[in-house]
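Okay, so here's the structure we're looking at.
Position 1 is the first residue of the sequence; numbering continues from there. Read the numbers this way: they start at 1 and go in the same order the structure lists the ligands and their atoms.
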Amino acid sequence: MPDPRFVTPPSSLERSSIPAHVAIVMDGNGRWAQRRGLARTEGHAAGETALVDTTYGALSLGVKALTVYAFSTENWRRPVDEVRFLMNFNKGLLERRQHELHEEGVRIVFSGRRDWRVPKGVAARMDEARELTKKNKVMTLNIAFNYGGRAEIVDAVRELMTDGLSAKDVDEAAIRRRLYHPELPDPDLVVRTSGEFRTSNFLLWEMAYSELVFTDVLWPDFRREDLFDAIGEYQRRERRFGGLDK
Ligand code: IPE
Ligand code: IPE
Ligand code: MG
């Protein structure tokens, strides 16, 4: 993998308005494989190169946080073999990549529920990667795993109640503080690959004012150039946050 320090992003990108937080719905793995006459799982495997290249692209631009949707709370509905593959694949991905990401100063964190369905071996690798990289400051890679936007809000509300807040103390800040990663800014840009125009329960609270970019590229084909294109589109948007001025 090329060193991100030697990768020059296109000069057309405005360096002063790089999104601080980019989030990606990595979709289209199954279709990528099917178009090649391969098993769907081959598409998931091919997504690893896309993820690593995109991470380097984000690093080369100075993006501070990259959240990627790896497994949703609804993905348990898939055939058991595919679910089992995805569990092992994500475990293997951490084993294979955590050290090089650590060397680049990437802090690896996870958003999602640690329920009984997440195999112990996978949870152990997640803890290991988080522990190894916890002091890193260059960029946060937030892997949304067994993640659902509704589950995240439910978990925050449960915590509000455990903390004994009364109704008058419940406001947006109180909820926000109890999301999985309150230290991360809301995503400025959310990208979804594979030509689907929906959120599929991703970052429901956090994407209230995100710019959304959809691309037909299937996730295994996605590379840093596609990230640069999405950021170019983001930079042509005018964000208003409900007001009239930028
Ligand atoms: C995204 O690719 C990966 C996961 C949801 C884990 P898909 O597996 O959803 O691929 P398509 O959408 O069926 O092509
Ligand atoms: C969203 O993709 C979840 C991930 C990319 C992990 P899906 O493929 O599961 O979403 P739907 O089913 O098309 O909405
Ligand atoms: Mg899909």
CG of N88 to NE2 of H44, rounded to nearest 0.5 Å, is 12.5 Å
*F241 vs Y209 aromatic rings, parallel, tilted or perpendicular, using cut-offs 30° and 60°?*
tilted
One finds that the ligand 2 atoms under 4.0 Å from a non-hydrogen atom of F71 are 6 (C)
Any nitrogen or oxygen of R78, side chain or backbone, less than 3.5 Å from one on ligand 2?
yes
_Regarding E196, does it place an N, O or S atom less than 2.8 Å from the Mg ion (ligand 3)?_
no
Any heavy atom of H44 under 4.0 Å from ligand 1? The part involved is side chain
- Any N or O of N75 that comes nearer than 3.5 Å to an N or O of ligand 2? yes
*Sidechain N-carboxylate O distance under 4.0 Å for R78, E82*: yes
Problem - atom 2 (O) of ligand 2 within contact range, any protein heavy atom under 4.0 Å - result: yes
Between F110 and the options L94, L141, V118, N90, the side chain to side chain contact (heavy atoms under 4.5 Å, CB included) test singles out L94
Between R114 and D127, is there a salt bridge with N-O shorter than 4.0 Å? yes
ask   = Less than 3.5 Å between some nitrogen or oxygen of D27 and one of ligand 1, yes or no?
value = yes
Quick look: S194 vs ligand 1, heavy-atom contacts under 4.0 Å, and the answer is neither
For A70, the atoms of ligand 1 under 4.0 Å from one of its heavy atoms are 6 (C)
So for R40 against ligand 1, with non-hydrogen atoms under 4.0 Å, the contacting part is side chain
Ligand 2 atoms nearer than 4.0 angstrom to some heavy atom of V25 are 1 (C), 5 (C)
- R31 near ligand 2, heavy-atom distance under 4.0 Å? no
Basic-acidic side-chain contact under 4.0 Å: D115, R113 = no
**Asked** Does even one non-hydrogen atom of R198 get within less than 4.0 Å of ligand 2?
**Response** yes
Margin query: Tell me whether the rings of F71 and F145 are parallel (<30°), tilted (30 to 60°) or perpendicular (>60°).
Written below: tilted
